[in-house]
Amino acid sequence: MAALSQEEENYVRISLLLTGISPRAARNYFDFEFAPACLDATLKKEYNNLLDLKKKHRINQTQWNLLYPRFPDVLDSKTFDITLMIALLRNIAKINPPHSGFDILPSAMETTPAADLARIKYYRNYMAHLDDGKVINKNFNTAWDDISEAIGRLGGLQMKNECDQLRTKTLDPTNKEIIMDIKRANDEIIALQEGFKTLRESQVVLQEDYIEVSKKCRDLKLFKRYCSMEC
């Protein structure tokens, strides 16, 4: 694989930070709020609330299957992705949200667990919407500090040290290839989704045109019938 530019390497490092360390930090806090021994009972108790979230598309089918597997097994938060953990913490644990909610980057003054989860969520979305797989140095430094400090508060000193090591260590070429392959795959998925969206919109337009043409045809038939009666 050709050498990555500094901006591409920044992208890979933050991706590794968000996919490798931050989920473990979030899980550390999740297990504090939802004791592993009581997780199954808690989810059963909250079934109706979680079903409502599923109907609102805040929990997808794959996540639902993890919460309520078809073949019951011992539930373990290690099977939950960070998006699902944040959804459960927001809606069941009743933790106080950041001042501006979970969907906006909190201010530097907010260092609560909820604010740190919101930071991680914000930067995951930020990375997902980058078109070129690059992060300039200024944005990299800001994002890294925000994410790694949040990880340290949620997961402890050891995880913060892992962040510091990841920032400077030589990257495994395999990691680079995997992350860039993921980026390309995500781009292809987004392109397909946009294509389907355009197709659906075209179908709606065609359907509307068909309805309009049908209406005009009916009107024309009625007009011809009226003219025949008059003659």
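Only heavy atoms go into these numbers, but all of them, side chains included; no hydrogens, no water, no symmetry mates. Numbering starts at 1 and runs along the sequence shown.
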**Student:** Determine yes or no for a side-chain-to-main-chain donor-acceptor pair under 3.5 angstrom, with Asn91 supplying the side chain and Ala87 the backbone.
**Tutor:** yes
**Student:** Just so I know, are the side chains of Asp116 and Pro106 near enough to count as touching, which here means a heavy-atom distance under 4.5 Å?
**Tutor:** no
**Student:** Arg90 vs Lys121, test: side chain to side chain contact (heavy atoms under 4.5 Å, CB included). Steps then yes/no.
**Tutor:** CA-CA 12 Å; Arg90 288 178 65 175; Lys121 179 176 182 291; 4.0 Å; yes
**Student:** Within the 4.5 Å heavy-atom criterion, are Leu67 and Gln63 side-chain neighbours or not?
**Tutor:** no
**Student:** With a 4.5 Å heavy-atom cut-off, do Asp81 and Pro23 have their side chains touching?
**Tutor:**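 The answer is no; the side chains never approach within 4.5 Å.
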**Student:** Answer whether the closest heavy-atom distance between the side chains of Phe140 and Gln6 falls below 4.5 Å.
**Tutor:** no
**Student:** Got a salt bridge between Arg119 and Glu149, using NZ or NE/NH1/NH2 to carboxylate O under 4.0 Å?
**Tutor:**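 Result for this pair is no, no salt bridge flagged.
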**Student:** Between Tyr11 and Glu7, do the side chains contain an N or O donor and an N or O acceptor separated by less than 3.5 Å?
**Tutor:** no
**Student:** Which label fits Phe34 and Phe30: parallel for a plane angle under 30°, tilted from 30 to 60°, or perpendicular past 60°?
**Tutor:** tilted
**Student:** Do Leu18 and Tyr126 touch side chain to side chain, with heavy atoms closer than 4.5 Å?
**Tutor:** no
**Student:** Measuring only between side-chain heavy atoms, which start at C-beta, is Leu17 closer than 4.5 Å to Ser22?
**Tutor:**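 Leu17 does not reach Ser22 side chain to side chain.
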**Student:** Quick check for you: to the nearest 0.5 Å, what is the distance between Thr112 atom OG1 and Asn96 atom CG?
**Tutor:** 8.0 Å
**Student:** Indicate yes or no: does Asp145 engage Arg167 in a salt bridge with an N to O separation below 4.0 Å.
**Tutor:** yes
**Student:** State plainly whether the residues Lys160 and Asp164 are in salt-bridge range, i.e. N to O under 4.0 Å.
**Tutor:**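 The answer is yes: the pair qualifies as a salt bridge.
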